[in-house]
Amino acid sequence: MATTAKGPKKRSKSIAIVRRYDCTGCEACIVFCPVDCIDLVSPSDNPAEKYVLIDKETCIGCLLCARYCPWDSIDMIQRQPFEETGELQFL
Ligand code: SF4
Ligand code: SF4
């Protein structure tokens, strides 16, 4: 578990995941994320394609990206089953 100067870092129960092929790369979610954990990326074999990746360690599960994505491309899931088994339990 990550630690901070104040002790072990508390992790959110939920995290955001992006449905890559629904994402247009518009970057709206990046603007709203309060912890700056969303990055715009392009696959090396197709630089014209844009989508975002979310750093699940940093995500605090605040829902803002999912709420404001104009393309409804972000889902919120339970962190624990996803990390332990890869299972997607949607909120
Ligand atoms: S849920 Fe909140 S913290 Fe997580 S990626 Fe979305 S805006 Fe950022
Ligand atoms: S707001 Fe939605 S469509 Fe736009 S970059 Fe983020 S996930 Fe992709």
Side-chain angles (χ1 to χ4, degrees):
M1 178 182 288
T3 58
T4 68
K6 294 179 180 175
K9 184 179 166 189
K10 195 172 177 187
R11 304 171 83 222
S12 62
K13 290 184 176 171
S14 61
I15 52 176
I17 58 167
V18 178
R19 295 194 310 280
R20 172 179 166 179
Y21 295 104
D22 291 332
C23 173
T24 65
C26 73
E27 303 185 51
C29 54
I30 294 174
V31 174
F32 285 104
C33 180
V35 293
D36 194 22
C37 69
I38 308 176
D39 289 315
L40 186 69
V41 296
S42 295
S44 57
D45 60 347
N46 183 12
E49 183 188 351
K50 307 256 188 246
Y51 61 98
V52 294
L53 289 177
I54 294 173
D55 176 2
K56 295 172 186 59
E57 286 303 313
T58 309
C59 175
I60 59 172
C62 71
L63 270 165
L64 287 174
C65 57
R67 185 171 298 158
Y68 288 107
C69 172
W71 304 97
D72 195 22
S73 306
I74 298 178
D75 292 312
M76 300 302 298
I77 62 169
Q78 302 272 1
R79 180 190 290 275
Q80 189 175 5
F82 179 71
E83 291 185 342
E84 290 178 358
T85 67
E87 184 183 340
L88 299 180
Q89 288 188 10
F90 296 96
L91 297 186

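For ligands, and for the atoms within them, numbers begin at 1 and follow the listed sequence. Side chains included, hydrogens not; waters and symmetry mates left out as well; all remaining heavy atoms used.
- Each of the following atoms of ligand 2 lies closer than 4.0 Å to a heavy atom of T24: 3 (S), 8 (Fe).
- Following chains of ILVMFWY side-chain contacts shorter than 4.5 Å, one cannot reach V35 starting from F32, and the two form parts of different hydrophobic clusters.
- Short contacts between ligand 2 and E27, defined as distances under 4.0 Å to a heavy atom of the residue, involve ligand atoms 4 (Fe), 5 (S).
- Applying the salt bridge (charged side-chain N to carboxylate O under 4.0 Å, His left out) rule to pairs touching residues 30-56 yields R20-E49, sequence neighbours excluded.
- Among protein heavy atoms, the minimum distance from atom 2 (Fe) of ligand 2 is reached at C69 SG, 2.2 Å.
- Listed by first then second residue, pairs satisfying side chain to side chain donor-acceptor pair (under 3.5 Å) with a partner in residues 79-91 read R11-E83, S12-R79, R79-E83, Q80-E84, E87-Q89, not counting sequence neighbours.
- For the pair L88/I17, a side-chain contact is recorded, criterion being any heavy-atom separation below 4.5 Å from C-beta on.
- Atom OH in Y51 sits 10.0 Å away from atom CG in L40 (nearest 0.5 Å).
- Applying the side-chain hydrogen bond (donor to acceptor under 3.5 Å, both in side chains) criterion to E27, with sequence neighbours excluded, gives no partner residue.
- For the atom pair CG (D22) and CH2 (W71), the distance works out to 10.5 Å, reported to the nearest 0.5 Å.
- Near I54, meaning under 4.0 Å from any of its heavy atoms, are these atoms of ligand 1: 5 (S).
- In terms of protein heavy-atom proximity, atom 8 (Fe) of ligand 2 is closest to C23 SG, 2.4 Å.
- With hydrogens left out, the protein atom closest to atom 4 (Fe) of ligand 2 is C26 SG, 2.3 Å, a heavy atom.
- The contact set between ligand 2 and G25, taken as ligand atoms under 4.0 Å from a residue heavy atom, comprises 5 (S), 8 (Fe).
- Within the listing of ligand 2, atoms 1 (S), 5 (S), 6 (Fe), 7 (S) sit less than 4.0 angstrom from a heavy atom of C29.
- Taking a cut-off of under 4.0 Å to the non-hydrogen atoms of P70, the atoms of ligand 2 that pass are 1 (S).
- Against a heavy-atom cut-off of under 4.0 Å, I38 is close to the following atoms of ligand 1: 5 (S).
- Only protein N, O or S atoms were considered, and those under 2.8 Å from atom 2 (Fe) of ligand 1 are C62 SG.
- In terms of heavy atoms, A28 sits closest to P70 at CB-CD, 4.1 Å.
- Applying the 4.0 Å criterion to heavy atoms of I74 picks out, from ligand 2, the atoms 7 (S).
- Across every non-hydrogen atom of S44 and P47, the tightest pair is O-CD, 4.0 Å.
- Looking at heavy atoms from C-beta onward, I77 lies in side-chain contact with I15 at the 4.5 angstrom threshold.
- Atom SG of C23 sits about 9.0 Å away from atom CG of L53, to the nearest 0.5 Å.
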